[in-house]
Amino acid sequence: MSLSGISQVVMRQLPTLLLLLLCGPFTAEAADESFALARQHFSPLPETLSDADHPLRPALVALGRKLFFDKRLSTDGTVSCETCHLPGLHATDGRSRAIGVENRLNLRNAPTLLNAALQFRAHWDGSRDSVEDQAKQSLIGPTSFGNPDYSSVIAKLKSLGYEKDFQNAFPGAPDPIQPDHWGSAIGAFERTLVSPSPFDAYLKGAMGGLSDSAKKGLHLFMEIGCANCHDGMLLGGMRYAKFGLFGDVPNITGDEGRARVTKSPSDQNVFKVPQLRNVAVTPPYFHDGSVDDLDQAIRVMAKVQLNKELTPAEVGDLRSFLESLTGPVPSHFSAP
């Protein structure tokens, strides 16, 4: 690493280094300092995931909810958005790799959709601009809905009686049933899937919202450098990083990562940093779903990303902290 690169790392770590110098081993004082530092690294979830470009009109959200659970839009009638993002599994499918039409196996694990609209890109390799773009392109994805083209989808939507729903969701549009509108509707529904957790209450000042073990885990999470990538509202989802900085990692798919998109050798094994919201209840882990156990995932990440061996107690505290990121599944996340 160059001298400038080392300097950048030191500057990122400076708040944590000062914390350690001031507080030493984890104490009540360290807990207070950890709270102050946590407010620098993280922020609570908003009430909705909408923005100026993605308004949540009731008719639009209602249409998105209806489409999300409709399997008839896939070529063999077996796949909807829900297939890979089940409400009962915190918007995942519990599989190592998702399965689409005709039991076709996807290249990667299906991450949770809860809070996902806040990420800077969609898909593990960042090949989708947003949840709206992801939804639109899933219609013609060979391992998702499997439709040959968008025109066949439009014809299918009309034959299924969706015209009134689209007219209500897009009033005044001369041709309301179109692929972009499908994406907008699905995206609007997904932007309502917010799952605030005890960690949000803690960030807002409820110091009792975390157990002592979770507070130790938070302290360690920042101390050893996890928060350098897993930060912000989602504790991730806002940048790319190479998987395996300190050694090779098992890869059951032979996945090139972002290099599949950019064709650049420098992007080999580079993936979007996953968000950690609800991570304790959304196994298996990593882009290929190769690890089922959260403790093992913690150990692997510490070793291959930070070059650190953790004690059992440290793993337990980190797990407690990650468990504090679990929020309830929204009550409206169900078929209409």
Side-chain angles (χ1 to χ4, degrees), residues 45 48-49 61-119 122-124 128 130-139 141-147 182-183 185-197 234 236-237 252-253 272 274-294 297 322-323 325-336:
L45 288 172
T48 70
L49 311 181
V61 174
L63 172 59
R65 182 183 181 190
K66 188 173 180 180
L67 293 171
F68 189 95
F69 293 94
D70 195 338
K71 295 181 178 180
R72 297 174 296 174
L73 277 302
S74 62
T75 54
D76 62 0
T78 65
V79 172
S80 68
C81 302
E82 181 201 17
T83 301
C84 298
H85 304 285
L86 296 160
L89 293 177
H90 274 71
T92 64
D93 61 6
R95 301 177 183 274
S96 294
R97 294 156 62 190
I99 295 178
V101 293
E102 299 177 359
N103 289 315
R104 295 173 187 168
L105 189 63
N106 276 260
L107 179 64
R108 301 181 178 121
N109 174 262
T112 179
L113 285 182
L114 300 183
N115 314 304
L118 289 175
Q119 298 176 109
H123 273 204
W124 281 97
R128 304 291 185 263
S130 61
V131 291
E132 286 79 12
D133 184 37
Q134 189 280 326
K136 173 186 172 182
Q137 296 202 46
S138 70
L139 285 170
T143 56
S144 49
F145 285 74
N147 292 293
W182 156 283
I186 295 288
F189 175 60
E190 292 181 6
R191 288 177 184 275
T192 70
L193 302 180
V194 190
S195 62
S197 70
L234 299 179
I252 63 173
T253 63
K272 182 184 67 180
Q275 64 154 317
L276 295 184
R277 293 276 181 173
N278 296 296
V279 67
V281 291
T282 53
Y285 303 110
F286 308 145
H287 64 281
D288 55 4
S290 56
V291 174
D292 293 318
D293 180 70
L294 181 59
L322 295 178
E323 288 171 346
L325 304 177
T326 302
V329 175
S331 59
H332 65 279
F333 188 21
S334 60

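Remember, it's a predicted structure, so these values are computed and weren't measured experimentally.
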**Student:** In a check of side chain to side chain contact (heavy atoms under 4.5 Å, CB included) between Leu234 and each of Leu325, Leu276, Asn115, which one passes?
**Tutor:**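 One option only clears the test, and that one is Asn115.
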**Student:** With rounding to the nearest 0.5 Å, note down the distance linking CZ in Arg95 to SG in Cys84.
**Tutor:** 8.5 Å
**Student:** Between OG of Ser74 and CZ of Arg72, what distance do you get to the nearest 0.5 Å?
**Tutor:**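 If I round to the nearest 0.5 Å, the distance is 10.5 Å.
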**Student:** Show the nearest heavy-atom pair for residues Pro196 and Pro328, with the distance to one decimal.
**Tutor:** O-CD, 3.3 Å
**Student:** Kindly write out the residues that satisfy side chain to side chain contact (heavy atoms under 4.5 Å, CB included) with Val281, not counting sequence neighbours, or none if the list is empty.
**Tutor:**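 Here the qualifying residues are His90, Asn278, Thr326.
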**Student:** Any idea which heavy atoms bring Thr83 and Asp93 closest together, and the distance?
**Tutor:**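 Smallest interatomic distance, heavy atoms only, reads O-CB, 3.8 Å.
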**Student:** Does the side chain of Ser144 come under 3.5 Å of the side chain of Arg104 through a donor N or O and an acceptor N or O?
**Tutor:** no
**Student:** Please round to the nearest 0.5 Å and tell me the distance separating atom CZ of Arg97 and atom OG1 of Thr143.
**Tutor:**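 Arg97 atom CZ to Thr143 atom OG1 measures 9.5 Å (nearest 0.5 Å).
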**Student:** Check whether any side-chain heavy atom of Asp292 lies under 4.5 Å from a side-chain heavy atom of Tyr285, and answer yes or no.
**Tutor:**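 No. Closest side-chain heavy atoms not under 4.5 Å.
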**Student:** Would you say the side chain of Arg191 lies within less than 4.5 Å of the side chain of Val131, judging by non-hydrogen atoms?
**Tutor:** yes
**Student:** Evaluate the side-chain proximity of Leu294 to Leu322: yes if any heavy-atom separation is below 4.5 Å, no if none is.
**Tutor:** yes
**Student:** Does any non-hydrogen side-chain atom of Arg65 lie less than 4.5 Å from one of Phe333?
**Tutor:**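 They are not in contact (no side-chain heavy atoms under 4.5 Å apart), so the answer is no.
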**Student:** Has Gln137 got a side-chain atom pairing as donor or acceptor with Gln134's backbone, closer than 3.5 angstrom?
**Tutor:** no
**Student:** Is there a side-chain contact between Thr282 and Arg277 in this structure, where contact means two heavy atoms from C-beta onward sitting under 4.5 Å apart?
**Tutor:** no
**Student:** Could you measure the distance from the CG atom of Asn109 to the NE2 atom of His287? Nearest 0.5 Å is fine.
**Tutor:**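 Interatomic distance, Asn109 CG to His287 NE2, rounded to 0.5 Å: 9.5 Å.
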**Student:** Take Asn147 and Thr75 through the side chain to side chain donor-acceptor pair (under 3.5 Å) test and state the conclusion after the steps.
**Tutor:** CA-CA 6 Å; Asn147 292 293; Thr75 54; 5.7 Å; no
**Student:** Minimum heavy-atom separation for Ala122 and Ser130, please, with both atom names.
**Tutor:**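 The answer is CB-O, 3.7 Å.
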**Student:** Could I get the full list of ring pair (Phe, Tyr, Trp, His ring centres under 6.0 Å) partners for Trp124, not counting sequence neighbours?
**Tutor:** none
**Student:** Any side-chain heavy-atom pair from Leu118 and Leu45 closer than 4.5 angstrom?
**Tutor:** yes
**Student:** Write down the atom of Ser96, the atom of Gly289, and the distance for their closest heavy-atom approach.
**Tutor:**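 Looking at all heavy atoms of both residues, the shortest contact is OG-O, 3.1 Å.
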**Student:** So, Ser197 side chain and Gly327 main chain: donor-acceptor pair closer than 3.5 Å or not?
**Tutor:**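 Such a contact is absent between Ser197 side chain and Gly327 backbone.
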**Student:** Would you call His332 and Val61 a side-chain contact if the rule is heavy atoms closer than 4.5 Å?
**Tutor:** no
**Student:** Roughly how far, to the nearest 0.5 Å, is OG1 of Thr92 from CG of Leu113?
**Tutor:** 9.5 Å
**Student:** Can you check side chain to side chain donor-acceptor pair (under 3.5 Å) on His85 and Thr112, steps first, answer last?
**Tutor:** CA-CA 7 Å; His85 304 285; Thr112 179; over 6 Å; no
**Student:** In Å, rounded to the nearest 0.5 Å, how long is the span from CD of Glu132 to CD1 of Ile186?
**Tutor:** 10.0 Å
**Student:** Search all heavy atoms of Gly100 against all heavy atoms of Val79 and return the closest pair with its distance.
**Tutor:** C-CG2, 3.6 Å
**Student:** Apply side chain to side chain contact (heavy atoms under 4.5 Å, CB included) to Glu82 and list each qualifying residue two or more places apart in sequence or on a separate chain.
**Tutor:** Phe68, Phe69, Ser80, Leu86, Pro87
**Student:** Mind listing the closest non-hydrogen atom pair of Gly146 and Val101 along with its distance?
**Tutor:**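 Minimum heavy-atom separation between Gly146 and Val101: CA-CG2, 4.0 Å.
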**Student:** Within the 4.5 Å heavy-atom criterion, are His123 and Lys272 side-chain neighbours or not?
**Tutor:** no
